[in-house]
Amino acid sequence: DQQVKQNSPSLSVQEGRISILNCDYTNSMFDYFLWYKKYPAEGPTFLISISSIKDKNEDGRFTVFLNKSAKHLSLHIVPSQPGDSAVYFCAASNAGNMLTFGGGTRLMVKP
Amino acid sequence: GAVVSQHPSRVICKSGTSVKIECRSLDFQATTMFWYRQFPKQSLMLMATSNEGSKATYEQGVEKDKFLINHASLTLSTLTVASAHPEDSSFYICSARYRGSNEQFFGPGTRLTVL
């Protein structure tokens, strides 16, 4: 049973526009959510996180929104840049325990 | 800060040999380290969790006799793939977490190819 799902395997966006990556979860015990960016043959790089007590967290071009009632979170990147092209994973944890990862979404930002 | 290294970055070995991968936290004490495996175009799959000084906790379906994990110090964990076979070929990634943090910091990964 996949507790964290990223239903879009890929997303293509024009440079300068907004990229919206979505993530859904089923476990209501998750209380901390993270987004990672990953290039091929490299380890994931932490991007941004959000605690379940918040509904929004912003860091530069990256904003994460959390809708607890819908068990849904999203990552907004604006403006998108070609260097943002990578695979993005959302992850969730419960009480600081292990991370459960979604399947990833490949973002392609076209110049 | 919070840098995690892995060594080697790439290893090619013959079937039947054992391979050791090291994971080090360079600037913090990692009370917990995690080992993941990633197959092409798939997500990261947690293999095991190890706390310093205690035995690793393996996820369901992961053979503890095949994937030996040692977390001997607060800055080093090792994963040994015993008697590796071609199906063990994969990208192995470690991560580390310090006490009180929710975040995991990932190493750069190790590409294992078993011929």
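Below, read A as the first sequence line, B as the second, and so on, with proteins coming before strands; counting in each chain starts at 1. These numbers come from a predicted model, not from an experiment.
- Placement of B:Y92 and B:V11 within a single hydrophobic cluster is found when ILVMFWY residues are connected by side-chain heavy-atom separations under 4.5 Å, directly or transitively.
- Remark: B:Y58 OH is packed, more than 12 non-hydrogen atoms of other residues, nucleotides or ligands lying under 6.0 Å away.
- Both A:L66 and A:F62 belong to a single network of hydrophobic side chains, linked directly or stepwise wherever heavy atoms of I, L, V, M, F, W or Y lie under 4.5 Å apart.
- In this structure, the side chains of A:K38 and B:F106 stay at 4.5 Å or more apart for every pair of heavy atoms.
- Heavy-atom distances place no part of A:Y39 under 4.5 Å from chain B, backbone and side chain included.
- Contacts of residues 99-110 of chain A with chain B at a heavy-atom distance below 4.5 Å involve A:L99, A:F101, A:G102, A:G103, listed in sequence order.
- No chain of hydrophobic side-chain contacts below 4.5 Å, direct or via other Ile, Leu, Val, Met, Phe, Trp or Tyr residues, connects B:M47 to A:F89.
- With rounding to the nearest 0.5 Å, the separation of OG in A:S93 from CD in B:E103 is 10.0 Å.
- Grouping the Ile, Leu, Val, Met, Phe, Trp and Tyr side chains by contacts below 4.5 angstrom, directly or via other members, places B:F67 apart from A:M98.
- Of all the listed residues (B:T49, B:I93, B:V4), the one sharing the greatest number of non-hydrogen pairs under 4.5 Å with chain A is B:I93.
- For B:L46, the part sitting under 4.5 Å from any heavy atom of chain A is the side chain, from C-beta outward, and nothing else.
- Residue B:H85 qualifies as enclosed at atom NE2: its count of foreign heavy atoms under 6.0 Å is above 12.
- Linking ILVMFWY residues whenever their side-chain heavy atoms come closer than 4.5 Å, directly or via other members, leaves B:L112 and B:Y36 in distinct clusters.
- With a 4.5 Å cut-off on non-hydrogen atoms, B:Q6 does not touch chain A at all.
- Crowding of B:K66 atom NZ: a count of heavy atoms from other residues, nucleotides or ligands under 6.0 Å exceeding 12.
- Across every non-hydrogen atom of B:Q104 and A:Y36, the tightest pair is O-OH, 2.9 Å.
- Residues of residues 41-61 of chain A that come within less than 4.5 angstrom of chain B, heavy atom to heavy atom, are A:A41, A:E42, A:G43, A:P44, A:F46, A:S49 in numerical order.
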